[in-house]
Structure formats: structure tokens, C-alpha cells
Protein chains: 2
Amino acid sequence: MIKRRGTVTISQVAQAAGVNRSSVSRAFTKPYMLTPETVARIKAVADTLGYVPNHTARALSTGRNSNLALIVPDVANPFFPPMIRAAQDAADAQDYCVFLGNSNEDPSKEDRLVGRFIGQVEGLILASSRLPEKRILDYAEQRPIVLINRDVAGVPRVLIDSSNGMTEAVRFLAERGHKKIAYVSGPSGSWSNKSRRSAVRKAAQQAGLELYVCPAQVSSFEAGLSAVDRILDAGTTVAIAFDDVTAHGILAGLEQRGITVPDGFSVVGCDDVLGDLTHPPLTTISSRSSEAGGLAVSLMYDALRSVGLKDARYLLQTELVVRQTTK
Amino acid sequence: MIKRRGTVTISQVAQAAGVNRSSVSRAFTKPYMLTPETVARIKAVADTLGYVPNHTARALSTGRNSNLALIVPDVANPFFPPMIRAAQDAADAQDYCVFLGNSNEDPSKEDRLVGRFIGQVEGLILASSRLPEKRILDYAEQRPIVLINRDVAGVPRVLIDSSNGMTEAVRFLAERGHKKIAYVSGPSGSWSNKSRRSAVRKAAQQAGLELYVCPAQVSSFEAGLSAVDRILDAGTTVAIAFDDVTAHGILAGLEQRGITVPDGFSVVGCDDVLGDLTHPPLTTISSRSSEAGGLAVSLMYDALRSVGLKDARYLLQTELVVRQTTK
DNA sequence: GTTTGACATGCAACCGGTTGCATGGCTCAA
DNA sequence: TTGAGCCATGCAACCGGTTGCATGTCAAAC
């Protein structure tokens, strides 16, 4: 037993105030059960002694710890910080604390994190989870789970639906005369990638465009950079990237090869996380990652209060944001 | 008492395995005390029953919870994610979980967060804390605290020392013929801002440059944007910004006014978080926020094992990274 | 054939709160 | 004056583990 320096317990306060431990407990959690004077006296004693309720002990006896966990594939990917922040704020509003986990896109690491968190939170939010569906369902049995950008029936989920934004983008490009377009894929396990790719595929077919799909890879500047040769070789005139980070890499690769954007080639990103930071400012698909974060937390509250369907499925719509990388 | 669905306790395992509760406990935490066969049998029973040790109960009786808290002013500021990630990884390596708090640059919110976390972590890491020094010292009395970019004697801290990078930048600018420079300040409570500003001040004096200091503000794109008029009115030919985010705003403001960079005006950022994302790629001061995060966690471990001076003060050096916004 | 000691396991107290139920004092009405 | 009922507080069990100490067993040593 490791003694924390100067820890004051409920018993010491009780003794000093000349009451039972239960009264001290009630003074803090159920003051209406006690005379106002008793409450005041106990609180005064507690104050001078520097008493602070022990969160762990309370959690053990109540079975509630007011903690949530949020696991993301990569904190450093600009898509996630706004989401983390919004989730944080929503949790904060209900006096919940949130554990953050970074799975580094690695399913086994994600699994380890979930295992480590699950015993000390009331619920978990998994963003862009790479876990096998079965595993998610197993965990969901132990604790409420809310998913973001992962579609598993029976588990409440918030999905940023990029497909209509993607569709809009393809139509926009078709109208502007493009004949052959490229889609530069994101991580293979990603629901977002699947949904974006299939939206592009479908829209391209409808618009009569030829489509080249550049194979799966992680979302990174380098991935975009290295895709440039292939999309040029394929004879396309525009690339729609899995996300803005990848699009940014593509932009850089084009510049290295002396190709100007949008005159020599067009590029479309997704998620709108870079604003007009790129040069030229990137045409992209809006996202709403912070709304997704807040919504996920509120779904979590519903699940914790056992209200709301287990099968809630929220779709957040997106749209094309035209800036200057398309012609 | 809220019953968790299907919670298996140590007692049930004990009964099923025909041993005492303490043996079950030992099978998991001190297997060497038991016969290998007993351990195997207990674990087998635990497995079929789906027993998972209760983290909270364990924490209560051992007084250790293997949790850390990390509080940052703004998750969405690109300076922090790499730091968070590194801290996370370092914690992970020792089976620690980390709570993340976002203070939103607000001292009172930061205070609330610390209060909420302190009861359920072994130590806290405060990045760019805006808390009054006294408050920090008070908290440090209750739990080990490690600071990042905040210099309080008696509290272990890791400081990214931008002053030599700043000095280098000022000299570099002086050599290139600049006569009057501007420093665009960051948040007023920020140690980094103070240290950067005074480094610039000193170096400017030594190099015989005239200096205009643009008043304090938060770190944001908008802040940079709105500072442009003042730095132009002041007749300067180069602005050194508190950080890259602010510098990016300045760049945008200059472009709006039709001033080309670096021919019409030069800009220097700090922290090197934007890479060559800006246009033109930003000359900046290197940072090493991820190292700072990792180092902070390892200082925390030292503190938890009670080794190491209470007054550890690590300085991480920085340097000028010349890209294309200076002439 | 005891004694000694090592070792595996059991026993029970403890960590610091919470909570259902018991108790005892007081008020109010009959 | 007495009984009913309410209310403030106390009592003790409980949450689910951990751990110091006691106990019993068995083998080696004398």
C-alpha cells in the first residue's frame, strides 16, 4: 500500500467533526439528507483538514467513475484534433474525464488500448476503428461503445458521409470537361475510404468518366507524394484524394515535376482540414469532425442512461468546397 | 450500486477453482508465490468465466492506478498533437493510461481540469500551463507534476528553448540588411512568448536593429492576419512571429495587400509545425515538441519512483530553419 | 524418528468511500 | 398525555481487490 502524502480520509473528518463516516459522505453527496448546520460544520472541518473525496474509492462503491475513453488512429492527423476537442468539451460539461488513446492505425495496438481502458471507463468512443467487427461487438457487450466513421450494425455510430460530397465533386469535374479521373485511396481498413471510393466509382460511372484507383495506403503527405507518378502514368487529369493530407502530398509531387495546378492538373481533397493553407488553396469536401466528436459523446450519454436505440446511426452530410485546385 | 452486466469477481473465480480469493489475486499479480499448476488452474477457470481484474478495486487497495494526465491549452494547435502522441507512446510503454485535458487557454478551466484529474492519476503533465505559480506549487504538493514550457523553480520541467533559435534568426536578418524588425507576440501568460520576445529584444539590440513589438494575443491565424497593418505601419521589413500559426496569418494578410514574400516583406515563424505547407515555405525556428512530450513522461517516471531532483530543468535547444520567406 | 525450515495456501484486515436499514428524538394531533 | 410519524443520524455491510501473518505439509537434516 503506497501512502499518499497527507491523505485525509472520510474517517478523519468524521472523527474531527464528531459524526459518523456516513454523515461526512452524505454531506458531500446527499446534503439534503442532513441539517444545513451539520453540513456546514462537516464541510468546515473537511476544509481545514484539506479533505478531498477519493475518486477511486467512490468509483468502487458506486460502480460509476465518470470516465470515457476516446481512441483515434493518429492524433497528429489534423482531422482528429477538432474532434478530440469537441468530445472533450462535451464530456467536460457533464464532469466526465476522457482518456485519449492513439492506436497508430494498428489494430492490435488499438485492441490493447481498449483492454487497458475498458476497466476504468463507463464507455468508449472509437474513431475510425480498425478492429474486426466481431471484436467490437464483443467489447460492446462489456461497455457501451460509440463508433465514429465505422459502420457496425448494432453499435451506435456517427458517420461522416463523404459520399454525397464526393458525388458532387465528380459531377463538378465532369461538367468542367475532365474525362479520366483518379481516386487515391486511404487506409485499407478504413470505412471512410471504402465509402468514398465507392461513391467516386458510382458517380464516375454515371457521368461516363473513366476512373483509375490508386491502391490503398495510409493517410500521409508521403503517400500522396508517391502516388503522383502512378496517377500521371494513368493519363488522368485530376486526382481525388482520400483526404487533404494526401492531397497535399500530391500537390507537392506535382510541383516537383513542374506541373502547375490547376492548369496542368486538378486536385481534390477531403475533410477540409487544411483550410487555405495549401498553395493554391485546396478544393475539398467539407467534413465536420468536431460535430462528430460532440455527437458521439451525446450518443454515449444516451447509451449510459440506457435511452436511445442500440442501433443509432447518424449520418453527417458533406459538400464540395470549391477553392483553387480544380479547373 | 450500479451492477455491471456479467461482472465476474475474484470471489467467483475462487469458488469455482476451489481456492481462496487471495490465491486468485496472487495468480494474477504474484504468480511466483504459487505452484505453476495452481496458477494454471486458476487462470483456466478465470478464462472460462471471463474474469477481468477490476482496475478500480485494485487501484483502491494498492494506491496506484497507472494513470497520468496531460493538459494542453489547445489540442487543435498543431504544436501539441506530436507532443501528445509522444507522451502517449511513452506512457503506453509502461502500461500507463493518459487522460487528456484541453484548457482552451483558460486558467480557470485548467484549474478545474487539474482538480478533476488529480484524484485519479499518479501524476500530471501540464503543457504551457497558464496557472499561477502558487497554484502549481500547491498541486505539486499533492501529486508529482511535470511542466512543459513553463519555468517554475522546484517543479521538474522541460523547456523548449527558442531563444537561441530566435537569436540566430535576428542575426541572420541583420546580415541580410534588415534594419527594422517586428516581433508579433503570443499569449500573454505564456512562458514561451516571454522567452522568445526577450531573446529577440536582446539580439536586436546587439545587432543594432530597431524593434517593434506587436502586442500580446492568442496564437491563431486571425491574430496574425490582424497584426499585419500594425507591423506595416511601424515601417518594418520583417516580422518574427510567436509561432508558425501566427506567421501563417501574417503571410495571408500580406498576400491580401498584394505584398509578395520574401521580396516585399520577410516573415519568420517558430515551432516548425507547418513544414513547407505554407506558400512560400516558411522560414522558422525548429521545435521538438514530441521529444518534449516523451521527456516529460520520463521525468514523471523518475518523480514517481522518487528518483531525480525535484528541480530538474531540461532545455531543448532549437535552431533556425531557413526556407523561403526570408530575404 | 524428531526437528527444522521452506514453501504453498488460507485467513482476515484493510483501502475509502456508499447506502439500506435501524434507532432515537422531536413534533403534532387526538 | 400519549401515540404516530417524520427526520437526522448512526450502524454495519458492501464494492473487489491486496497483503501481512498464520497454518499446515512435506522434505531434508540431524
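In the text below, chain A, chain B and the rest are named by the order of the sequence lines, each starting its count at 1. None of these values were measured; they are calculated from a predicted model.
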Legend entry - Bending between helix ends of the helix from C:dG1-D:dC30 to C:dA30-D:dT1 [5 pairs per end, 10° resolution]: 50°
Inset, instruction - Verify whether the ring centers belonging to A:Tyr51 and A:Phe28 lie closer than 6.0 Å. - result: yes
Inset, instruction - Let me know the distance between OH of A:Tyr32 and P of D:dC6, rounded to the nearest Å. - result: 18 Å
Inset, instruction - Please work out if B:Val52 contacts a base, only the sugar-phosphate, or nothing of the nucleic acid, heavy-atom cut-off 4.0 Å. - result: sugar-phosphate
Inset, instruction - Could you tell me whether A:Lys134 and A:Asp138 make a salt bridge, using a distance below 4.0 angstrom between a side-chain N and a carboxylate O? - result: yes
Inset, instruction - Name the nucleic acid region contacted by A:Thr56, choosing base, sugar-phosphate or nothing; use a 4.0 angstrom heavy-atom cut-off, strictly under. - result: nothing
Inset, instruction - Answer yes or no: does a side-chain N or O of A:Ser25 lie under 4.0 Å from OP1 or OP2 of C:dT19? - result: no
Inset, instruction - Would you kindly compare B:Ala57 and B:Met33 by the position of their nearest DNA chain C nucleotide and give the one closer to the 5′ end? - result: B:Met33
Legend entry - Cationic N near anionic O, under 4.0 Å, B:Asp92 to B:Arg85: no
Legend entry - Pairwise distance CE(B:Met300) to CG(B:Leu295) - rounded to 0.5 angstrom: 12.0 Å
Check nucleotides 11-13 of chain C for protein N or O atoms closer than 3.5 Å to its own N or O atoms and list the pairs.
from	atom 1	to	atom 2	distance (Å)
C:dC11	OP2	B:Asn20	ND2	3.1
C:dC11	N4	B:Ser22	OG	3.1
C:dA13	N6	B:Arg21	NH2	3.4

Inset, instruction - Report the distance from atom CD of B:Gln120 to atom P of C:dG16, rounded to the nearest whole Å. - result: 16 Å
Legend entry - Distance, rounded to the nearest Å, where A:Ile42 contributes CD1 and D:dA8 contributes P: 13 Å
Inset, instruction - Answer yes when A:Asp89 and B:Lys109 have at least one side-chain N-carboxylate O distance shorter than 4.0 Å, and no when they do not. - result: yes
Inset, instruction - Would you sort out whether A:Ser188 and A:Asn193 count as a side chain to side chain donor-acceptor pair (under 3.5 Å), showing the intermediate values? - result: CA-CA 7 Å; A:Ser188 57; A:Asn193 182 53; over 6 Å; no
Legend entry - Value in whole Å for how far the P atom of D:dG17 lies from NE2 of B:His55: 12 Å
Inset, instruction - Mark yes or no for whether A:Asn67, through its side chain, and A:Val98, through its backbone, hold a donor-acceptor pair below 3.5 Å. - result: no
Legend entry - Residues B:Arg135, B:Asp111; criterion salt bridge (charged side-chain N to carboxylate O under 4.0 Å, His left out); working and verdict: CA-CA 8 Å; B:Arg135 206 82 186 114; B:Asp111 208 335; 2.7 Å; yes
Legend entry - Spacing between A:Arg58 atom CZ and C:dG17 atom C1', to the nearest angstrom: 8 Å
Inset, instruction - Measure from the side chain of B:Ser61, starting at C-beta and using heavy atoms only, and say which of D:dT18, C:dT19, C:dT9 lies closest. - result: D:dT18
Legend entry - N or O in side chain of B:Ser23 less than 4.0 angstrom from C:dG10 OP1/OP2: yes
Inset, instruction - Grab the CD-P distance between A:Glu37 and D:dT9 for me, whole Å please. - result: 8 Å
Inset, instruction - Describe the nucleic acid contact of A:Phe28 in one word from base, sugar-phosphate, nothing, applying a heavy-atom distance below 4.0 Å. - result: nothing
Inset, instruction - Please determine if a side-chain N or O atom of A:Lys30 lies less than 4.0 Å away from the OP1 or OP2 oxygen of C:dT19. - result: yes
Inset, instruction - For the pair A:Glu122 and A:Arg64, evaluate salt bridge (charged side-chain N to carboxylate O under 4.0 Å, His left out) and give the outcome as yes or no after the intermediate values. - result: CA-CA 7 Å; A:Glu122 294 182 27; A:Arg64 314 185 352 90; 3.4 Å; yes
Inset, instruction - Using a heavy-atom cut-off of under 4.0 Å over every strand shown, decide if A:Val19 touches base, sugar-phosphate, or nothing. - result: sugar-phosphate
Inset, instruction - For C:dT9, take OP1 and OP2 only and decide whether either is under 4.0 Å from a side-chain N or O of B:Thr35. - result: yes
Inset, instruction - Mind checking A:Ser11 for me? I need base, sugar-phosphate or nothing, with any heavy atom below 4.0 Å counting as a touch. - result: nothing
Inset, instruction - For A:Asn65 and D:dG16, give me the distance from atom CG to atom C1', rounded to whole Å. - result: 14 Å
Legend entry - SB check A:Arg130 A:Asp106 (cutoff 4.0 Å): no
Inset, instruction - Can you figure out which of C:dT9, C:dG17, C:dC15 approaches the side chain of B:Leu60 most closely? - result: C:dC15
Inset, instruction - Look at the side-chain N and O atoms of A:Thr38 and state whether any lies under 4.0 Å from the OP1 or OP2 oxygen of D:dT9. - result: yes
Legend entry - Euclidean distance, atom CG of residue A:Asn54 to atom C1' of D:dG17 [Å, nearest integer]: 14 Å
Legend entry - Criterion side chain to side chain contact (heavy atoms under 4.5 Å, CB included) against B:Ile71, the qualifying member of B:Leu131, B:Leu126, B:Ile148: B:Leu126
